Amino acid sequence: PETRIKSVISLYSNGQIQEALDAVKTLTKDYPNEPLLYNISGACYKAIGQLDAAVKCYEKAVALKPDYAEAQYNLGITHRELGQLDAAIKSYQDALAIKHAYPNVHNNLGNIFLELSQLKAAVDHFEWAVAYSPEFDTAHNNLGSTLLALGQVDAAVESYEKALAINPDYAEAHNNLGIALHRLGKIDAAVESYEKALAVNPDYAEAHNNLG
């Protein structure tokens, strides 16, 4: 049903979520064993805030197609938003077992491990993320924050600088670089970083506080 699926995706992309959901429900009746339709349904339910319904759709998609890495990834995101960290970790790990070269999964998994203070595991996943996607500025920034938490300040500076080389307008990375430079006693450089963060985002309260 390629043409009809494209129509549904177009509705979703244009923000017509309910219309997309209604259309995909009709399609699912005609093609009840098509995993892509359940993945799309999950995205629609998630977009309207019905996360439990989204989980059921993603689970149906992976039940029909166990090697469906994208659906496992989406399932992980939804579990994460529901605060179900163990389930999110499992879904992300299942996605990586299917497709290890999946930078977004590594980054998201790294964020969970960082939140859980499992710092070495977080570093591993952020390093995989930037290995597979060297231009992944967010993963470089997240790696920097984890290295900083481990006390590896020079390595953290290097990661923040990589993030900023990719995205010079990354206010959070400027602020984080300022924190790291401050720890190294490089006060003037830290001030410059905080000022750059505020030039990008004048309402960045943490950067104002750090600069003060």
Side-chain angles (χ1 to χ4, degrees), residues 1-85 87-112 125-126 128-142 163 166-173 200-201 203:
E2 185 177 350
T3 303
R4 293 168 68 186
I5 289 176
K6 285 182 178 178
S7 175
V8 171
I9 293 172
S10 179
L11 289 168
Y12 177 87
S13 299
N14 290 328
Q16 298 170 268
I17 307 300
Q18 190 59 54
E19 292 86 344
L21 188 55
D22 293 340
V24 79
K25 283 180 180 177
T26 302
L27 262 174
T28 304
K29 291 176 183 177
D30 295 337
Y31 303 93
N33 296 316
E34 174 50 62
L36 174 60
L37 297 177
Y38 294 99
N39 190 49
I40 294 171
S41 295
C44 290
Y45 278 119
K46 184 174 179 297
I48 60 176
Q50 296 187 28
L51 300 184
D52 290 326
V55 165
K56 290 179 181 177
C57 290
Y58 294 136
E59 287 177 341
K60 179 69 173 178
V62 298
L64 288 168
K65 186 180 180 184
D67 64 345
Y68 199 167
E70 183 183 2
Q72 290 282 14
Y73 168 60
N74 291 335
L75 183 57
I77 292 173
T78 312
H79 279 308
R80 176 69 184 85
E81 289 190 15
L82 285 165
Q84 300 165 351
L85 297 188
I89 289 170
K90 184 181 184 306
S91 293
Y92 287 140
Q93 289 175 336
D94 287 344
L96 293 175
I98 300 160
K99 178 184 175 183
H100 196 264
Y102 207 148
N104 286 334
V105 176
H106 283 292
N107 184 63
N108 288 6
L109 195 49
N111 280 328
I112 292 178
H125 285 289
F126 291 136
W128 278 116
V130 298
Y132 287 128
S133 180
E135 299 299 304
F136 198 166
D137 56 342
T138 305
H140 282 293
N141 179 67
N142 292 339
I166 298 160
N167 180 7
D169 293 328
Y170 196 164
E172 184 181 348
V200 176
N201 180 8
D203 297 324

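Just so it is clear, the structure is predicted and the values come from calculations on it, not from any experiment. Only this structure's heavy atoms are used, side chains among them; waters, hydrogens and symmetry mates stay out.
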Taking every non-hydrogen atom, the tightest pair across Asn201 and Ala171: CB-CB, 4.1 Å

From Ile166 CD1 over to Phe136 CZ, what is the distance, rounded to the nearest 0.5 angstrom? 10.0 Å

Under the salt bridge (charged side-chain N to carboxylate O under 4.0 Å, His left out) rule, collect the residues that match up with Lys6, sequence neighbours excluded. Glu2

Which residues pass the side-chain contact (heavy atoms from CB on, under 4.5 Å) test with Glu172, not counting sequence neighbours? Asn141, Tyr170, Asn176, Tyr204

Residues two or more places apart in sequence or in another chain: which of them pass side chain to side chain donor-acceptor pair (under 3.5 Å) with Asn104? none

Distance-only check: which donor-acceptor pairs under 3.5 Å involve side-chain atoms of residues 69-79, not counting sequence neighbours?
from: Asn74; atom 1: ND2; to: Asn39; atom 2: OD1; distance (Å): 2.9
from: Asn74; atom 1: ND2; to: Glu70; atom 2: O; distance (Å): 3.4
from: Thr78; atom 1: OG1; to: Asn74; atom 2: O; distance (Å): 2.8
from: His79; atom 1: ND1; to: Gln84; atom 2: OE1; distance (Å): 2.6

For the CD1 atom of Ile5 and the CG atom of Leu36, what is their distance to the nearest 0.5 Å? 4.5 Å

Sequence neighbours left out, what passes side chain to side chain donor-acceptor pair (under 3.5 Å) with Lys99? Give chain and number order. none

Only distances under 3.5 Å count here; give the side-chain donor-acceptor pairs of residues 12-24 to other protein atoms, sequence neighbours excluded, each with its distance to 0.1 Å.
from: Ser13; atom 1: OG; to: Ile9; atom 2: O; distance (Å): 2.9
from: Asn14; atom 1: ND2; to: Ser10; atom 2: O; distance (Å): 3.1
from: Gln18; atom 1: NE2; to: Asp22; atom 2: OD1; distance (Å): 3.1

Of all the heavy-atom pairs spanning Val55 and Leu82, show the shortest one and how long it is. CG2-CD1, 3.8 Å

Sequence neighbours excluded, which residues qualify as side chain to side chain donor-acceptor pair (under 3.5 Å) partners of Gln93? none

If the condition is side chain to side chain donor-acceptor pair (under 3.5 Å), which residues does Asn33 pass it with, not counting sequence neighbours? none

Pairs meeting criterion ring pair (Phe, Tyr, Trp, His ring centres under 6.0 Å) with involvement of residues 19-65, two or more places apart: none

Leu96 side chain reached by His125 side chain, heavy atoms, under 4.5 Å: yes

Does any pair with a residue in residues 129-138 pass side-chain hydrogen bond (donor to acceptor under 3.5 Å, both in side chains), and if so which ones, sequence neighbours excluded? His100-Tyr132, Asp137-Asn167

Applying salt bridge (charged side-chain N to carboxylate O under 4.0 Å, His left out), which residue pairs with at least one partner in residues 44-53 are found, sequence neighbours left out? Lys46-Glu81

Once you round to the nearest 0.5 Å, how far does CG of Leu85 lie from CD1 of Ile112? 5.5 Å

Which pairs, with at least one residue in residues 28-45 and sequence neighbours excluded, count as a salt bridge (charged side-chain N to carboxylate O under 4.0 Å, His left out)? Arg4-Asp30

